[in-house]
Amino acid sequence: MAPAEPARRRRSPSDGDDRDDAQTSRPGRKAPPRKTVARRGTPGAAAAMRLAAQQLSELLGRPPESVSALKPTEDGWEAQVEVVELERIPDTTSVLASYKVTMDEEGELISYERTRRYSRGMIDRPT
(Lines give C-alpha, C1' and ligand atoms only; values in the text may rest on other atoms or scores of the structure.)
Protein backbone atom coordinates (compact mmCIF):
# COMPACT_ATOMS: atom_id res chain seq x y z
CA MET A 1 0.00 0.00 0.00
CA ALA A 2 1.36 3.45 -0.95
CA PRO A 3 1.95 5.95 1.84
CA ALA A 4 -0.71 8.64 2.10
CA GLU A 5 0.24 12.09 0.90
CA PRO A 6 0.17 14.79 3.55
CA ALA A 7 -2.90 17.00 3.38
CA ARG A 8 -2.30 20.42 1.89
CA ARG A 9 -3.18 23.30 4.13
CA ARG A 10 -5.51 25.86 2.59
CA ARG A 11 -4.66 29.45 3.17
CA SER A 12 -7.51 31.43 4.66
CA PRO A 13 -7.81 35.24 4.50
CA SER A 14 -7.38 35.39 8.29
CA ASP A 15 -3.95 33.68 8.18
CA GLY A 16 -2.27 37.05 7.96
CA ASP A 17 -0.05 35.84 5.13
CA ASP A 18 0.87 38.90 3.08
CA ARG A 19 2.32 37.07 0.10
CA ASP A 20 1.45 38.50 -3.28
CA ASP A 21 -1.47 36.63 -4.92
CA ALA A 22 0.53 36.46 -8.15
CA GLN A 23 2.90 34.07 -6.42
CA THR A 24 0.15 31.81 -5.09
CA SER A 25 -2.06 31.64 -8.16
CA ARG A 26 -1.40 30.93 -11.79
CA PRO A 27 -0.03 34.04 -13.51
CA GLY A 28 -2.19 35.59 -16.20
CA ARG A 29 -5.32 33.63 -15.19
CA LYS A 30 -8.16 35.81 -14.04
CA ALA A 31 -11.85 35.02 -13.97
CA PRO A 32 -13.58 36.69 -16.91
CA PRO A 33 -16.00 39.47 -15.93
CA ARG A 34 -19.69 38.59 -16.05
CA LYS A 35 -21.38 39.82 -19.17
CA THR A 36 -24.96 40.51 -20.14
CA VAL A 37 -24.03 39.90 -23.77
CA ALA A 38 -23.20 36.26 -24.45
CA ARG A 39 -22.21 36.03 -28.11
CA ARG A 40 -22.00 38.44 -31.04
CA GLY A 41 -24.34 40.99 -29.49
CA THR A 42 -26.80 38.36 -28.30
CA PRO A 43 -28.32 39.11 -24.89
CA GLY A 44 -27.44 36.72 -22.07
CA ALA A 45 -30.01 34.29 -20.64
CA ALA A 46 -31.33 36.63 -17.93
CA ALA A 47 -31.71 39.51 -20.37
CA ALA A 48 -33.36 37.21 -22.93
CA MET A 49 -35.90 36.06 -20.31
CA ARG A 50 -36.78 39.66 -19.44
CA LEU A 51 -37.05 40.65 -23.11
CA ALA A 52 -39.30 37.69 -23.97
CA ALA A 53 -41.67 38.41 -21.08
CA GLN A 54 -41.72 42.17 -21.70
CA GLN A 55 -42.33 42.01 -25.45
CA LEU A 56 -45.02 39.32 -25.20
CA SER A 57 -46.75 41.36 -22.50
CA GLU A 58 -46.80 44.40 -24.82
CA LEU A 59 -48.41 42.35 -27.61
CA LEU A 60 -50.98 40.52 -25.49
CA GLY A 61 -51.79 43.30 -23.05
CA ARG A 62 -51.41 40.86 -20.13
CA PRO A 63 -48.52 40.53 -17.68
CA PRO A 64 -46.51 37.30 -17.89
CA GLU A 65 -46.77 34.87 -14.99
CA SER A 66 -43.34 33.32 -15.55
CA VAL A 67 -40.79 32.17 -18.11
CA SER A 68 -40.81 28.37 -17.82
CA ALA A 69 -38.14 27.56 -20.41
CA LEU A 70 -35.38 29.32 -22.32
CA LYS A 71 -32.87 27.98 -24.80
CA PRO A 72 -30.39 29.51 -27.21
CA THR A 73 -30.84 28.83 -30.91
CA GLU A 74 -28.62 29.47 -33.91
CA ASP A 75 -30.54 32.68 -34.62
CA GLY A 76 -31.17 33.96 -31.06
CA TRP A 77 -33.40 32.59 -28.29
CA GLU A 78 -36.57 30.54 -27.82
CA ALA A 79 -38.63 30.87 -24.63
CA GLN A 80 -41.82 29.45 -23.11
CA VAL A 81 -43.75 32.20 -21.33
CA GLU A 82 -46.75 31.50 -19.09
CA VAL A 83 -49.56 34.08 -19.11
CA VAL A 84 -52.82 34.26 -17.13
CA GLU A 85 -55.56 34.48 -19.75
CA LEU A 86 -58.60 34.34 -17.46
CA GLU A 87 -58.52 35.11 -13.74
CA ARG A 88 -61.00 33.17 -11.64
CA ILE A 89 -61.82 32.63 -7.99
CA PRO A 90 -60.44 30.46 -6.53
CA ASP A 91 -57.06 31.15 -8.12
CA THR A 92 -56.49 27.44 -8.84
CA THR A 93 -59.22 27.61 -11.50
CA SER A 94 -57.63 30.52 -13.43
CA VAL A 95 -56.82 29.73 -17.07
CA LEU A 96 -53.18 30.05 -18.13
CA ALA A 97 -51.55 29.76 -21.52
CA SER A 98 -48.05 28.79 -22.53
CA TYR A 99 -46.56 30.77 -25.40
CA LYS A 100 -43.52 29.84 -27.48
CA VAL A 101 -41.59 33.06 -28.12
CA THR A 102 -38.82 33.27 -30.73
CA MET A 103 -36.31 36.13 -30.60
CA ASP A 104 -33.48 37.17 -32.91
CA GLU A 105 -29.83 37.75 -31.94
CA GLU A 106 -30.56 41.26 -30.64
CA GLY A 107 -33.42 40.01 -28.44
CA GLU A 108 -36.23 41.35 -30.63
CA LEU A 109 -39.36 39.20 -30.75
CA ILE A 110 -39.74 37.54 -34.15
CA SER A 111 -42.77 35.35 -33.49
CA TYR A 112 -44.97 33.93 -30.77
CA GLU A 113 -47.43 31.07 -30.68
CA ARG A 114 -49.81 29.80 -28.00
CA THR A 115 -48.90 26.16 -27.51
CA ARG A 116 -51.10 25.18 -24.58
CA ARG A 117 -54.01 26.33 -22.38
CA TYR A 118 -54.60 24.88 -18.93
CA SER A 119 -56.08 25.66 -15.53
CA ARG A 120 -53.62 26.69 -12.82
CA GLY A 121 -54.52 23.73 -10.59
CA MET A 122 -53.84 21.18 -13.36
CA ILE A 123 -50.65 19.16 -13.11
CA ASP A 124 -48.79 17.47 -15.94
CA ARG A 125 -49.18 13.71 -15.93
CA PRO A 126 -47.10 11.30 -17.99
CA THR A 127 -49.01 9.80 -20.89
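Being a predicted model, the structure only gives us computed values, none of them experimental.
In this structure Ala48 satisfies the side-chain contact (heavy atoms from CB on, under 4.5 Å) test together with Leu70, Trp77, Met103, sequence neighbours excluded. Every residue two or more places apart in sequence or in another chain that forms a side-chain contact (heavy atoms from CB on, under 4.5 Å) with Ser68 is listed here: Gln80, Glu82. Remark: Thr93 pairs with Arg88, Pro90 by the side-chain contact (heavy atoms from CB on, under 4.5 Å) rule, at least two apart or across chains. For the side chain to side chain donor-acceptor pair (under 3.5 Å) test, no residue two or more places apart in sequence or in another chain qualifies with Glu108. For Tyr112, there are no side chain to side chain donor-acceptor pair (under 3.5 Å) partners two or more places apart in sequence or in a different chain.
The NZ atom of Lys100 sits 15.5 Å away from the CZ atom of Arg116 when rounded to the nearest 0.5 Å. Distance check, rounded to the nearest 0.5 Å: CD1 of Ile110 to CG of Asp104 gives 4.5 Å. Taken to the nearest 0.5 Å, the CD atom of Glu78 stands 8.5 Å off from the OG atom of Ser111.
If you chain together ILVMFWY residues whose side-chain heavy atoms come under 4.5 Å of each other, Ile89 ends up in a group of its own. Side-chain heavy-atom separations under 4.5 angstrom define the hydrophobic clusters, and the remaining members of the one that includes Val84 are Leu96, Tyr118, Met122. Membership of the apolar cluster around Leu86 extends to Val95, as traced through chained side-chain contacts below 4.5 Å between ILVMFWY residues.
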What donor-acceptor contacts under 3.5 angstrom involve side-chain atoms of residues 56-65, with partners at least two apart or in another chain?
from	atom 1	to	atom 2	distance (Å)
Ser57	OG	Arg62	O	3.2
Glu65	OE2	Arg120	NH1	2.9

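A pairwise comparison of heavy atoms in Ala97 and Arg117 identifies CB-CG, 4.1 Å as the closest pair.
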